[in-house]
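Note that the structure is predicted; figures quoted are calculated from it, not measured. We're numbering straight along the sequence, starting at 1.
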Amino acid sequence: MQNEIKTESDVLTQEGYTKNPGWSRLPLFTFDKSLCRNRFSLYERDSYLIANEQVSIYLSVTQKGLTSEVTAVIADHERGTIDARTLKKYMSFGLVDMPSSSKNGDVTFNNARVGMNFSNTALKRYIRCEFVNFCKDKNLYINIMLEEGIDESLNTLIPAKHNRRSFLLKRFMPSMRASGVVRCGGAEYNLSPENTHAFLDWQRLSTKDKAYYHALYADAEIDSRQFALCLAGGIGDHSQVTENCYFLDGIIHKFASVKAEGNEERPDKPWKFTAGSNAMEIIFRPEIKGGKLMSQKCGNKFIIFGKIYGTIKQIDTEKITIDAVPAHLEFTLI
């Protein structure tokens with residue numbers, strides 16, 4: 001049985017142990033990273049995916065130990081092209097001050113080539129980026145505003161199996177609407193809130209062990225209804241809580257467990273995700289344009305763009321048919 005948190009709860013005790021694992025519909029977990037005993041193995045990442053039929057934009061800022069990292073990926077689905085770059089900097093060049101909450105606090109990464117900033121107010125978030133010589137002599141410019149569309153989000157605190165001081169704290173916040181402009185070289189993408197969706201994937205992870213993490217995400221409309229999906233695993237003890245869920249019309253629905261079947265060494269092949277007794281069966285099919293797989297390696301992360309097909313039918317919920325809904329699959333070695 002998964003533990004649903006309904007009141008504010010600390011992530012760590014004063015001794016640095018994971019306090020109350022579980023999940024919540026609202027961001028109720030309070031994270032004081034000064035209590036984390038594994039500070040040099042603390043992995044902090046804020047990432048956004050902004051997408052419409054023409055383009056998918058993946059942006060992230062990561063702090064792990066003494067290393068900071070910024071990633072930008074521009075996947076043009078009409079042209080079948082991907083431009084991407086990951087840059088790192090080390091302690092001597094300054095660390096990124098990552099916020100302890102997904103609700104507030106700015107994230108800024110600066111060096112001689114790139115300035116990336118994530119900021120937010122009560123109901124809006126802003127993304128700004130200028131990246132000189134981003135990819136293939138192209139410069140990248142981004143100015144995007146995101147408006148929150150639903151009240152609920154997926155918030156999880158997952159403990160490690162054998163080390164009570166290791167954990168994964170995550171917030172998946174879907175169904176935001178995006179407006180703004182992205183310029184990459186000679187290409188310009190004008191984003192409209194009528195057809196551009198966005199989500200935040202906010203993670204704070206403490207572990208001394210190598211972990212191989214996978215996650216399937218979707219954020220779109222099905223028959224004019226808001227739909228989002230998060231199927232993830234590979235880190236922590238899932239006996240008390242998992243990240244697996246979907247959203248319909250702004251309401252979260254959890255899966256107790258999900259079986260993922262695929263081959264990490266064959267990113268061009270489909271993946272299958274199933275849950276319960278016919279509660280879910282989804283196939284992720286990678287997108288191939290002009291004989292080229294729409295995928296990108298970014299540091300320790302591998303991103304594959306594609307579409308999902310299948311059905312979801314839980315007890316006492318309506319059946320959802322998923323037919324060619326845009327999605328992307330991530331594999332990360334942490």
*Asks:* Do E243 and Y213 get their side chains close enough for a donor-acceptor pair, meaning under 3.5 Å?
*Replies:* yes
*Asks:* Between T332 and K301, is there a side-chain donor-acceptor contact under 3.5 Å, judged purely by atom types and distance?
*Replies:* yes
*Asks:* Would you kindly say whether D106 and T108 are connected by a side-chain donor-acceptor distance under 3.5 Å?
*Replies:* no
*Asks:* Side chains of N52 and T196 only: does a donor on one sit below 3.5 Å from an acceptor on the other?
*Replies:* yes
*Asks:* Is the count of non-hydrogen atoms from other residues, nucleotides or ligands lying under 6.0 Å from D223 atom CG greater than 12?
*Replies:* no
*Asks:* For the CG atom on D97, are there more than 12 heavy atoms of other groups (residues, nucleotides or ligands in this structure) within a distance under 6.0 Å?
*Replies:* no
*Asks:* Looking at side-chain heavy atoms only, is the closest gap between I235 and T207 below 4.5 Å?
*Replies:* no
*Asks:* Under 3.5 Å, is there a donor-acceptor pair between the side chain of N244 and the main chain of A232?
*Replies:* yes
*Asks:* Look at atom CG of D249 and say whether more than 12 heavy atoms of other residues, nucleotides or ligands are closer to it than 6.0 Å.
*Replies:* yes
*Asks:* Is any side-chain heavy atom of W271 closer than 4.5 Å to a side-chain heavy atom of E261?
*Replies:* no
*Asks:* Mark yes or no: K254 above the aromatic ring of W23, with NZ or CZ under 6.0 Å from the six-membered ring centre and no more than 45 degrees from the axis.
*Replies:* yes
*Asks:* Any heavy-atom pair between the side chains of V114 and L87 that's under 4.5 Å?
*Replies:* yes
*Asks:* Less than 3.5 Å apart, any donor N or O on the side chain of D316 or Q314 sitting next to an acceptor on the other?
*Replies:* no
*Asks:* So, H77 and Q54: side-chain donor and acceptor under 3.5 Å apart, yes or no?
*Replies:* no
*Asks:* Looking only at side-chain N and O atoms, does Y126 offer a donor or acceptor that is under 3.5 Å from a partner on N120?
*Replies:* no
*Asks:* Between F227 and D219, is any pair of side-chain heavy atoms under 4.5 Å apart?
*Replies:* no
*Asks:* Assess, by modelled atom type and distance only, whether the side chains of T62 and R45 contain a donor and an acceptor separated by less than 3.5 Å.
*Replies:* no
*Asks:* Return the orientation label for the F118 and Y48 ring planes: parallel under 30°, perpendicular over 60°, tilted otherwise.
*Replies:* perpendicular
*Asks:* Would you kindly confirm whether I288 and L216 end up in one hydrophobic cluster when ILVMFWY residues are joined by side chain heavy atoms under 4.5 Å apart?
*Replies:* yes
*Asks:* Show which residues join I283 in its hydrophobic cluster (side-chain heavy-atom contacts under 4.5 Å, direct or indirect), or state none.
*Replies:* none
*Asks:* May I ask you to test the M176-L200 pair for a side-chain heavy-atom distance under 4.5 Å?
*Replies:* yes
*Asks:* Let me see the working for R164 and T18 under side-chain hydrogen bond (donor to acceptor under 3.5 Å, both in side chains), right down to the final yes or no.
*Replies:* CA-CA 6 Å; R164 290 178 54 215; T18 306; over 6 Å; no
*Asks:* Should V132 and V73 be counted in the same cluster of Ile, Leu, Val, Met, Phe, Trp and Tyr side chains packed under 4.5 Å apart?
*Replies:* no
*Asks:* Evaluate whether atom CD of E130 has more than 12 neighbouring non-hydrogen atoms of other residues, nucleotides or ligands under 6.0 angstrom away.
*Replies:* no
*Asks:* So, do F284 and Y309 have ring centers that fall under 6.0 Å from each other?
*Replies:* no
*Asks:* Apply side-chain hydrogen bond (donor to acceptor under 3.5 Å, both in side chains) to residues T71 and T86 and explain how you reach the verdict.
*Replies:* CA-CA 4 Å; T71 294; T86 296; 2.9 Å; yes
*Asks:* Test salt bridge (Lys or Arg N to Asp or Glu O under 4.0 Å) on D46 and R204 and set out the steps.
*Replies:* CA-CA 9 Å; D46 288 22; R204 300 297 183 263; 3.0 Å; yes
*Asks:* Kindly write out the residues that satisfy side chain to side chain contact (heavy atoms under 4.5 Å, CB included) with R177, not counting sequence neighbours, or none if the list is empty.
*Replies:* P193, H197, E221
*Asks:* Answer yes or no: is there a donor N or O on one side and an acceptor on the other, between the side chain of N155 and the main chain of L26, under 3.5 Å?
*Replies:* yes
*Asks:* Using the side chain to side chain contact (heavy atoms under 4.5 Å, CB included) definition, which of the options L59, N117, V181, L191 pairs with I142?
*Replies:* L59
*Asks:* Using side-chain heavy atoms (C-beta onward) and a distance below 4.5 Å, is P286 in contact with D268?
*Replies:* no
*Asks:* Inspect the contact between E15 and R165 and indicate whether a charged nitrogen and a carboxylate oxygen are less than 4.0 angstrom apart.
*Replies:* no
*Asks:* Strictly below 4.0 Å, N to O, side chains only: are D323 and K307 in salt-bridge contact?
*Replies:* no
*Asks:* Less than 3.5 Å apart, any donor N or O on the side chain of E281 or T274 sitting next to an acceptor on the other?
*Replies:* no
*Asks:* Can you tell me which residue among F29, Y17, F31 is in a ring-ring contact (aromatic ring centres under 6.0 Å, His included) with F167?
*Replies:* F31
*Asks:* In terms of the angle between their ring planes, are H328 and Y217 parallel, tilted or perpendicular, with boundaries placed at 30° and 60°?
*Replies:* tilted
*Asks:* Can you find a side-chain donor-acceptor pair between R128 and Y141 that sits under 3.5 Å?
*Replies:* no
*Asks:* Please say which of R85, K64, K88 ends up in a salt bridge (Lys or Arg N to Asp or Glu O under 4.0 Å) with E69.
*Replies:* K88
*Asks:* Applying a strict under-4.5 Å side-chain criterion to I, L, V, M, F, W and Y, I'd like to know whether I222 and I251 cluster together.
*Replies:* no
*Asks:* So if you build clusters from Ile, Leu, Val, Met, Phe, Trp, Tyr with side-chain heavy-atom gaps below 4.5 Å, do M145 and L49 land together?
*Replies:* no
